[in-house]
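The next block holds one structure in the form of structure tokens; read it before the comments.
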Number of protein chains: 2
Amino acid sequence: MQVSARTDYALRAMLAVADAPGRVTAAALARAQQMPPAFLQSILVDLRRAELLHGRRGGEGGYTLTRPAAEITVGDVVRAVNGALTTVRGLPTHSAAYPERAAGLRDVWLAVHDRIADIVDRTTLADLLNPAQSPEARASTGTGRRPPTPK
Amino acid sequence: MQVSARTDYALRAMLAVADAPGRVTAAALARAQQMPPAFLQSILVDLRRAELLHGRRGGEGGYTLTRPAAEITVGDVVRAVNGALTTVRGLPTHSAAYPERAAGLRDVWLAVHDRIADIVDRTTLADLLNPAQSPEARASTGTGRRPPTPK
DNA sequence: TTGTTTTCCTACTTGATTGATAGGAAGGGT
DNA sequence: ACCCTTCCTATCAATCAAGTAGGAAAACAA
């Protein structure tokens, strides 16, 4: 039930890129968010391969978003760096086998997975940058956002 | 966002003990649930220290629950073996510091934490052993159980 | 009571996965 | 040509999963 450092760093990096006006270099990113520069580099490679970031080399280089911040969800970022959204014993949640008596446990992990998906797939980077209008992040209980927001 | 093997094993062990009529030995537990015996032993120690299991040695020895299965929640077991319910970068979710731009991210992890807590703190071992009457585990969306179930 | 069996308990060791690092190699601007 | 910045690969360190070995305690039998 733990969020890996890789996932947390990836989201913070995406938020910093989304917030900046132009391009952002990896070095500036690491300094602003206080994360190990070399480790951040390997995370940026994952985000670039997932088509979430566009990297440009050379002078005046840096990273930009491939899509508007309102069209990138937290779930997109998590899946890019972590593979599956939730895992049990290293395996994807839906593909973990359980013996006889513990069959009901599988449903618990699936329910946890669905609740998490409800949150991260409905929250966009733009929502996080405007704290005033992010209903998801504040409500402790309830469904969250009413607007359908069809993906 | 991953459930550790330790947590998964601990819950399966607790379910097997709850389901058995009398005492259950660690060896029988490992065999029935197909988990490494020695690793299970270290997990049982955690469960015993958390006052969830009572171990008895000697012939006719084994483990039993310290409380009825209906009074032990999934959350109790998770916290016993994992410390905090959810962690970000190894730290408890509520105590992770975030710099300027990523402040909104903290609320996301807190919301995830609350949703997970809603599930695991309301689901008891008895619920999991009666698949017919476990509303939590089946519903993909919604609040789950209506009865207040005051702890 | 003594011995024996059964089981729980503790400490240490190995292997694998993840977090983190360093040093180039390739590409864009000037 | 030169410099800067992103990219890639190989490597180190730490943590967790898993396994091993050797007691310590409790129940039963003689």
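Lettering follows sequence order; numbering is per chain, from 1.
Heavy atoms only, all atoms of each residue included: A/Leu52 and A/Asp76 are closest at CD1-O, 3.9 Å. Minimum interatomic distance between B/His113 and B/Leu85 (heavy atoms only, all atoms of both residues): CE1-CB, 3.9 Å.
Going from atom CG of A/Leu91 over to atom P of C/dA16 covers 17 Å, rounded to whole Å. Rounded to whole angstrom, the span from the CG atom of A/Asp8 across to the C1' atom of C/dA20 amounts to 16 Å. The CD1 atom of B/Ile43 sits 12 Å away from the C1' atom of D/dC16 (whole-angstrom rounding). Atom pair A/Leu44:CG and D/dC8:C1' shows a separation of 13 Å (rounding to whole Å applied). The interatomic distance linking A/Asp46 (CG) with C/dT18 (C1') rounds to 13 Å, in whole Å. When the C1' atom of D/dC8 is taken as reference, atom CD of A/Gln41 falls 9 Å away, rounded to whole Å.
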Stepwise side-chain contact (heavy atoms from CB on, under 4.5 Å) test for B/Tyr98 and B/Val88: CA-CA 11 Å; B/Tyr98 284 98; B/Val88 176; 3.4 Å; yes
Pairwise N/O distances under 3.5 Å, protein to nucleotides 17-28 of chain D:
unit_1 : atom_1 : unit_2  : atom_2 : d
D/dA24 : N3     : B/Arg57 : NH1    : 3.4
D/dA25 : O4'    : B/Arg57 : NH1    : 3.0
D/dA27 : OP1    : B/Arg56 : NE     : 3.1
D/dA27 : OP1    : B/Arg56 : NH2    : 3.0

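A salt bridge links A/Asp121 with A/Arg79: the distance from a Lys NZ or Arg NE/NH1/NH2 to an Asp or Glu carboxylate oxygen falls below 4.0 Å. At a threshold of 4.0 Å, the pair A/Asp46-A/Arg6 counts as salt-bridged, since one of the basic side-chain nitrogens sits closer than that to a carboxylate oxygen.
Hydrophobic clustering, with ILVMFWY side chains joined whenever heavy atoms are under 4.5 angstrom apart, keeps B/Leu91 apart from A/Tyr9.
At a threshold of 4.0 angstrom between heavy atoms, the contacts of A/Gly90 with the nucleic acid are absent. In this structure, B/Ala27 reaches neither bases nor backbone, as no heavy-atom distance under 4.0 Å exists between it and the strands shown.
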